[in-house]
There are 2 protein chains.
Amino acid sequence: MFSKATEYGIKAIIYIASQSMLERRVKIGEVVEHIDSPVAFTAKIVGALVKVGIVQSITGPYGGFYIDRHRMDQIKMIDIVTAIDGDSIFNGCGLGLKECDDEQPCPMHYKFVQIRADLKEMLNSTTILELAEGLKSGKSILMR
Amino acid sequence: MFSKATEYGIKAIIYIASQSMLERRVKIGEVVEHIDSPVAFTAKIVGALVKVGIVQSITGPYGGFYIDRHRMDQIKMIDIVTAIDGDSIFNGCGLGLKECDDEQPCPMHYKFVQIRADLKEMLNSTTILELAEGLKSGKSILMR
DNA sequence: TTTATTTAAGATAAAATTGTCTTAAATAAA
DNA sequence: TTTATTTAAGACAATTTTATCTTAAATAAA
């Protein structure tokens, strides 16, 4: 469904957020230990999310990544997916046609419309705050 | 959403089916002209669908691909997707966890459940017959 | 039987994605 | 100021996916 880059990005964000709720900055090494992902690749992805303003970072000793606590309920999953994979998942044609719409639909067009809308709505209404809370309370896990 | 291989496979099947409704066998060259896909790659994918019994083929002059007319309403989209991409789209964890279920859910597990179920249901209830009919009647297109 | 046509199958190549490594820049503490 | 630690950035490498090319096998017509 999502690319590996997006999978790692989402998991990293959730872990960073869960620690930011405890006022903890985390280093990339700690992140990948908790989400089971390749360090350098994950660092690059989280770096992209820093550039886009979703995550904050501090370099040097005692540095690391964190997320503004009061913004956690404003950052939606769709922001993360879009920042890494773009919006083709929501907008692109299911059969890969360049131009596919109600006027000139591919054979599966109307079948896909609802599912894509549901996916978009789900990602649009899910905040990193709620996901991080689920993790912190032990209701969900990021590894295995 | 789907791989290129699956996109080509679905489009090829729909075109072959639409022609089989007119009692026409089609060569791979004709198929790719109508679905705008690379010949050799498409041939390999259609070949895999032949092996699995979804498509029939005849080699040699006057040969080509076709689909048993009376089976068109039995072949579902899910059969094609599964034959090419496997079932990871429906069963795999959205965040890539090996073990992710109601017992040990990833943070997005319950958010994904409904969407995946809807996707599966859609593919499971869509026959190549109806898609081929939509194409033949001009209600849908395979190119552009 | 020979030839032409077509699918079958597998080797090879190109492109995209995923992943690693090296060096630079920032920053805090000694 | 020097050193150690950490993120930033970009080159490089491996893997997977996508795509092509070549040869074989099947088959129909001449």
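These values consider heavy atoms only, across backbone and side chains, with no hydrogens, waters or symmetry-generated copies. Nothing here was measured: the structure is a model prediction, and the numbers come from that model. Every chain is numbered from 1 and lettered A, B, ... according to where its sequence line falls, protein lines coming before strand lines.
Residues A:Lys44 and A:Ile58 each lie close to DNA chain C; by heavy-atom proximity, the contact nearer the 5' end of the strand is made by A:Lys44. Between B:Ala43 and B:Pro61, the one whose closest nucleotide on DNA chain C sits nearer the 5' end is B:Pro61.
Of the charged side-chain nitrogens involved, at least one lies within less than 4.0 Å of a carboxylate oxygen, so that B:Glu30 and B:Arg24 count as a salt-bridged pair. Remark: A:Glu23 engages A:Arg69 in a salt bridge, criterion side-chain N to carboxylate O under 4.0 Å.
What separates NZ of B:Lys51 from P of C:dA8 is a distance of 10 Å, to the nearest Å. The CZ-P distance, from B:Phe41 to C:dA8, rounds to 16 Å in whole Å. The distance from atom OH of A:Tyr66 to atom C1' of D:dT7 is 13 Å, rounded to the nearest whole Å. In this entry the distance linking CD of A:Gln56 with C1' of C:dT27 reads 18 Å, nearest Å. C:dA8 atom C1' lies 15 Å from atom CD1 of B:Ile45, rounded to whole Å. In this structure, B:Ile28 places its CD1 atom 18 Å from P of C:dT5, rounding to the nearest Å. Counting to the nearest Å, the P atom of D:dT7 and the CG atom of A:Leu49 are 14 Å from each other. With rounding to whole Å, B:Lys4 atom NZ is found 15 Å from D:dT17 atom P.
Among the nucleotides C:dA8, C:dT20, D:dT7, the one closest to the side chain of A:Lys27 is D:dT7. Considering only the side chain of A:Ala40, C:dT20 comes nearest among D:dT20, C:dT20, C:dG19.
Cluster membership check: A:Phe90 shares its hydrophobic cluster with A:Ile80, using side-chain heavy-atom separations under 4.5 Å among Ile, Leu, Val, Met, Phe, Trp and Tyr.
Around atom OH of A:Tyr62, no more than 12 heavy atoms belonging to other residues, nucleotides or ligands sit under 6.0 Å away.
D:dA19 is paired with C:dT12 under the criterion used here, namely a Watson-Crick or G-U wobble arrangement in which both key atom distances are under 3.5 Å. Judged by Watson-Crick or G-U wobble contacts below 3.5 Å, the nucleotide D:dA13 has C:dT18 as its partner. Pairing for C:dT7 goes to D:dA24, judged as Watson-Crick or G-U wobble with the two contacts each under 3.5 Å. When Watson-Crick and G-U wobble pairs are counted only if both distances are under 3.5 Å, D:dA30 pairs with C:dT1.
If you check every strand for non-hydrogen atoms under 4.0 Å, A:Tyr62 touches sugar and phosphate atoms only. In this structure, A:Gly29 reaches neither bases nor backbone, as no heavy-atom distance under 4.0 Å exists between it and the strands shown.
Under 4.0 angstrom from either OP1 or OP2 of C:dA8 there lies at least one side-chain N or O belonging to B:Ser57.
Pairing each heavy atom of B:Cys106 with each of B:Cys93, the nearest pair is SG-SG, 3.7 Å.
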